[in-house]
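Take a look at the structure set out below.
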There are 2 protein chains.
Amino acid sequence: PRTVHAPRGTTLSCKGWQQEAAMRMLMNNLDPEVAERPDDLVVYGGAGRAARSWAAFDAIVRSLQQLENDETLLVQSGKPVGIFRTHPDAPRVLIANSNLVPHWANWDEFRRLEALGLTMYGQMTAGSWIYIGSQGIVQGTYETFAEAARRHFGGSLKGKFVLTAGLGGMGGAQPLACTMNGGVCLAVEVDESRIRRRLETGYCDEIASTLDEALNQVREACGQGQPLSIGLIGNAAEIYPELVRRGIIPDMVTDQTSAHDALNGYIPAGYTLEEANKLRERDPQEYIKLSRASMVTHVQAMLEMQKRGAVVFDYGNNLRGQALEAGENHAMDFPGFVPAYIRPLFCRGKGPFRWVALSGDPEDIYRTDEALMELFPENESLHRWLKMAQKKIHFQGLPARICWLGYGERDKAGLKFNELVAKGIVKAPIVIGRDHLDSGSVASPYRETEAMKDGSDAIADWPLLNAMLNTASGATWVSLHHGGGVGIGYSIHAGQVIVADGTPEAAARLKRVLTNDPGTGVMRHVDAGYDEAIDCARELGVQIPMLD
Amino acid sequence: PRTVHAPRGTTLSCKGWQQEAAMRMLMNNLDPEVAERPDDLVVYGGAGRAARSWAAFDAIVRSLQQLENDETLLVQSGKPVGIFRTHPDAPRVLIANSNLVPHWANWDEFRRLEALGLTMYGQMTAGSWIYIGSQGIVQGTYETFAEAARRHFGGSLKGKFVLTAGLGGMGGAQPLACTMNGGVCLAVEVDESRIRRRLETGYCDEIASTLDEALNQVREACGQGQPLSIGLIGNAAEIYPELVRRGIIPDMVTDQTSAHDALNGYIPAGYTLEEANKLRERDPQEYIKLSRASMVTHVQAMLEMQKRGAVVFDYGNNLRGQALEAGENHAMDFPGFVPAYIRPLFCRGKGPFRWVALSGDPEDIYRTDEALMELFPENESLHRWLKMAQKKIHFQGLPARICWLGYGERDKAGLKFNELVAKGIVKAPIVIGRDHLDSGSVASPYRETEAMKDGSDAIADWPLLNAMLNTASGATWVSLHHGGGVGIGYSIHAGQVIVADGTPEAAARLKRVLTNDPGTGVMRHVDAGYDEAIDCARELGVQIPMLD
Ligand SMILES: NC(=O)c1ccc[n+]([C@@H]2O[C@H](COP(=O)([O-])OP(=O)(O)OC[C@H]3O[C@@H](n4cnc5c(N)ncnc54)[C@H](O)[C@@H]3O)[C@@H](O)[C@H]2O)c1
Ligand SMILES: NC(=O)c1ccc[n+]([C@@H]2O[C@H](COP(=O)([O-])OP(=O)(O)OC[C@H]3O[C@@H](n4cnc5c(N)ncnc54)[C@H](O)[C@@H]3O)[C@@H](O)[C@H]2O)c1
């Protein structure tokens, strides 16, 4: 247990910027400003870790510092396990996290192996060293809420009551994303300290400790059409049903507790945090049972709200899947957010593109913001987002930015950033990555690939091809994970990160990786038969052998 | 349905030897001399296919013929899905076969998706285009039987009665591997045509249609210490128990029916082939039930033989796993062949190295045989194998050779072969690959990673790292599969193939790939705590960050 901050500036402690970038991003994931529980190496999403142990962390750092520019470090579930000679255009780090042979891919076996010290939970960007704090999800949530507003409420959430729960690493972005869309957000969170944290960072406006108090504020703000967000101290499995009992039906309902992990991510109804901690220690099986039972209550309230006219969707935490397993057969009656709002973007290779300034200087991010606005002058929503982000987003750890870009855009952005580095317009290299939740990088039948047009939800070849192609194209590090946001057994997904260090070699790699990576997303959706993807492939020249 | 032969000689129909090699090896996998059911694109191992359909086959061939030397073709479960610009040192083809998100990784879901045309069964070397017919397994089986002989019978099977079943693509090697070790083999096979095929290729000596007849021959040969192999027309689930009833206990017992696939790979007791085909069509669920029930009987006989003193082992077809699922709780009481005989080899990166002469000329293989014997003058068992192979092995399709080489040996062999190509000592490039059953490339708790020292049997990060590292190192094609010999749900494994075309660029790639690929095997076994692997890493300089 110690406090970790990534070094800033241009002094290298590694033998090249690629290794340096990996080292700084690992450290940045564990920065107390970024990580949810840095002492336990937990970055976000329940138990998503950056390294298996502090000894493993130290060994990774040491390995990166010694790594040559033609070597590749292998990391197995947060532990460095081998260094091999490859070549300068190969990745410097290859990562596989939490993967299990399918028949054994359940939480019991995972926990058994974790207790033996043989694995760790990598989540998506925790174990692949490209988590950038709540901003990452703000943009995704903003896009999702905006799309929902367009679909259901004529383009704005003004005057609308949005109910959600969970203000953790990801969920904490919901209040801000909601008010950015003009809405009124009530977010139920059992852990008061999580709400306080969101207040401090300006992601949430108010805190309430009783439902009545919160509802008064909601009513007033909705009436006046004022954006407002309130964190209510409480348990979703109690508050949601209570709203139903009172006949109070919000306009939109979702949830971002860490329901995917019944033991560590969800607090059963009726338990204080302390009581829950004790029970978890004493009787994990009982805990899981209670936790799942609460999820059933939680989901039943959401189903009832849906019946009474609310727009209800699952926000990627497998709450429905857990309730289904616990016996609620209607759990899948409300949709996941991906088929509802995100898939049309995926068809064009669009997804959460993000970048980080290794200099540590926020000015560098503002320079990239400007460059992007110049590069895509016609993209209004991009301009709106970047301006709002500059005002509202507090940087956590190394300054970073996120925006959704697609096929034919990411490569342009990457080359532009490389140019900014080469010309000294930014002070140090820029790290470019993305979430594993992206158009070509994930198979997850309860989230990203729910309800695919051709029924291919469970086919996991796609993320593996994505990882291998990013490796072949020369990403700086590539990762392949199992589990992620929906938990063990439910998803396979890949990540890539690439460094723009201003060199022509980096430019060639950036062009390849940032074309091919979203290209696999277009390809995957062409294969599934989506017209938007087929149009995109034809317009932009993605080569699909069996298309024509 | 058509007859496929790979082109021979040095005329290219692709834009480079790497693409040409992939095309010829795909075609060679479907050569009637090589494939078990070429009309259905089935190469071996039940339903292991080389391409998803004939349309997909044609599209792969077309794609390879058009593929530039800096492009990479992606193949998703036997279908070409995308072509991307990479670079000359990247793989030309990346393949992912049969992978499913773990929670959905069962036969029912796989078959549902297969029926929808969304996937195919890739087995190990079928969908990754490096199957070379029965020879591949002869060497493995020879090594296994030899090791078993050393362990239990003082080094030879002379005068020993070895009982097995299944003379399919892999299993057909057993009679020959047994007689090569001096033993007497009784192989029960329900399909007479399979036995006849083994007689024609000289892998099996005799055919018998009654047990009495067969047992007389066994007794005589054992008495005289004469090597002999007999294919007995019959069902293992009937013959094995009958032997127990008669009190006839062989010295060694195993089985290579395609038990991993209860529907397509195993014939239930009491059924003729035709009856079985009809039932399979009419009522697949009933078929599977009967099939599994027969496997229980089959395993119970093996358990009884073990009790009465026979050396009994599972030969990697998941027979035990199936019997366990069908309720035989003692199924796992006899060991798998890997922990019993193969793991010590894996600890030194040893596994089934293989190569193919693209010229089509057997002389080229004899040149490589000679070169290897010169390269490793001190390796007696290698010399013995190569000489025996030259005498006994009939080439199927393109001439090929296999032998087990380890870390520090494969790279030497690859560079030597590249030199033979460069100097014109062989007439065309040599393709070098291996089975997915190798030391660093597979996670399979009922076979390759059964009973690992640290309990890490089910950790699947290792094969993913292997595939990514081979991609980074510049293998010509790399594949990631699920299922393989033990069936859907039970394994994750990776393959690599690399072309020695005589160029210095190929030499650099060969050096990297053939060092790193077995290097991951040493690494994996070091991490699991095997002393042999730790010694190997220290002696040969494999870099393991947390070892010292
Ligand atoms: N939609 C997406 O794009 C996306 C992306 C990544 C992750 N996720 C998923 O979203 C979920 C949340 O992620 P996170 O990083 O915020 O997790 P987290 O563990 O940091 O936060 C979860 C929060 O929920 C609270 N909570 C738990 N049980 C509760 C209950 N019964 N009532 C009220 N509050 C409760 C916890 O106190 C905690 O603050 C995870 O399941 C994650 O996998 C979604
Ligand atoms: N040990 C290894 O190294 C290794 C490697 C690869 C595959 N395998 C596994 O070995 C098994 C055999 O592979 P294959 O390629 O030979 O398969 P195959 O399908 O070509 O042959 C199986 C044979 O078993 C026969 N058979 C089926 N049921 C029978 C019964 N009840 N009694 C007698 N004969 C019966 C079939 O007629 C067929 O000839 C597969 O499960 C495969 O996955 C093992």
Side-chain angles (χ1 to χ4, degrees), chain A residues 59 63 72 74 76-77 79-87 89-91 94 96-97 99-105 109 113 116 118-119 443-445 454-456 458-462 464-465 467-469 471-473 478 480 482 489-492 512 516 519-520 523 527 542-546, chain B residues 59 63 72 74 76-77 79-87 89-91 94 96-97 99-105 109 113 116 118-119 443-445 454-456 458-462 464-465 467-469 471-473 478 480 482 489-492 512 516 519-520 523 527 542-546:
Chain A
S63 298
T72 297
L74 303 191
Q76 183 260 322
S77 289
K79 176 183 176 185
V81 289
I83 293 174
F84 294 90
R85 174 130 298 143
T86 53
H87 58 84
D89 274 337
L94 295 168
N97 279 326
N99 296 283
L100 297 174
V101 178
H103 184 72
W104 291 264
E109 179 68 7
L113 291 164
L116 288 173
L118 297 170
T119 188
S444 183
D454 61 345
S456 60
I459 300 278
D461 296 328
W462 304 101
L464 305 181
L465 290 173
M468 289 194 282
L469 183 61
T471 303
S473 303
V478 178
L480 253 176
H482 164 216
Y490 292 94
S491 65
I492 298 287
R512 288 196 299 261
N516 296 351
T520 66
M523 165 184 92
D527 198 71
V542 185
Q543 281 193 68
I544 312 284
M546 295 183 81
Chain B
S63 299
T72 297
L74 304 192
Q76 182 260 322
S77 290
K79 176 183 176 185
V81 289
I83 293 175
F84 294 91
R85 174 128 299 142
T86 53
H87 60 84
D89 273 337
L94 295 168
N97 279 327
N99 296 284
L100 296 174
V101 178
H103 183 73
W104 290 265
E109 179 68 8
L113 292 165
L116 288 172
L118 297 170
T119 189
S444 184
D454 62 346
S456 60
I459 300 278
D461 295 327
W462 304 101
L464 303 181
L465 290 173
M468 288 195 283
L469 183 62
T471 303
S473 304
V478 178
L480 253 175
H482 164 217
Y490 292 93
S491 65
I492 298 287
R512 289 196 299 262
N516 296 350
T520 66
M523 166 184 91
D527 198 72
V542 185
Q543 282 193 67
I544 311 284
M546 295 182 80

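For clarity, every value in this text was computed on a predicted model and none was experimentally measured. Note on naming: letters A, B, ... go to the chains in the order of the sequence lines (proteins, then strands), and numbering restarts at 1 for each one.
Each of Gly82(A), Ala90(A), Gly455(A) has some count of heavy-atom pairs under 4.5 Å with chain B, and the biggest count is that of Gly82(A). Counting heavy-atom pairs closer than 4.5 Å to chain B, the top-ranked of the candidates Leu116(A), Leu464(A), Ile544(A) is Leu464(A). Of all the listed residues (Ser444(A), Ala458(A), Ser491(A)), the one sharing the greatest number of non-hydrogen pairs under 4.5 Å with chain B is Ala458(A). For the set Ser473(A), Pro545(A), Ala59(A), Ala105(A), the entry with the most heavy-atom pairs within less than 4.5 Å of chain B is Pro545(A). Per-residue heavy-atom pair counts under 4.5 Å with chain B were compared for Val478(A), Thr471(A), Thr119(A), and the maximum is reached by Thr471(A). Contact count against chain A (heavy-atom pairs under 4.5 Å) is highest for Ala460(B) among Ala460(B), Gly519(B), Ala443(B).
Rounded to the nearest 0.5 Å, atoms CZ (Arg512(B)) and OG1 (Thr72(A)) are 9.5 Å apart. Interatomic distance, CG of Leu469(B) versus CG of Leu74(A), reported as 5.0 Å (0.5 Å rounding). The structure places CD of Gln76(A) at 4.5 Å from CG of Asp461(B), a figure rounded to the nearest 0.5 Å. With values rounded to the nearest 0.5 angstrom, Leu480(A) atom CG is found 7.5 Å from Leu480(B) atom CG. Residue Leu113(B) holds its CG atom at 4.5 Å from CD1 of Ile459(A), rounded to the nearest 0.5 Å. In this structure, CD1 on Ile83(B) lies 11.5 Å from CE on Met523(A), to the nearest 0.5 angstrom.
At a 4.5 Å heavy-atom cutoff, the contact between Ser77(A) and chain B is made by backbone and side-chain atoms alike. Ser456(B) touches chain A through backbone and side chain together, each having a heavy atom under 4.5 Å away. Contact annotation for Leu94(B): both backbone and side-chain heavy atoms come within less than 4.5 Å of a heavy atom of chain A.
One N or O on the side chain of His87(B) and one on the backbone of Ala472(A) form a donor-acceptor pair closer than 3.5 Å.
In this structure the side chain of Val81(A) reaches within 4.5 angstrom of the side chain of Leu465(B), judged on heavy atoms. Considering only heavy atoms from C-beta on, Trp104(B) comes within 4.5 Å of Pro445(A) through its side chain. Here the side chains of Ile492(B) and Asn99(A) are not in contact, with every heavy-atom distance at 4.5 Å or above.
Nearest heavy atoms, Arg85(A) versus Asn516(B): O-ND2, 2.9 Å.
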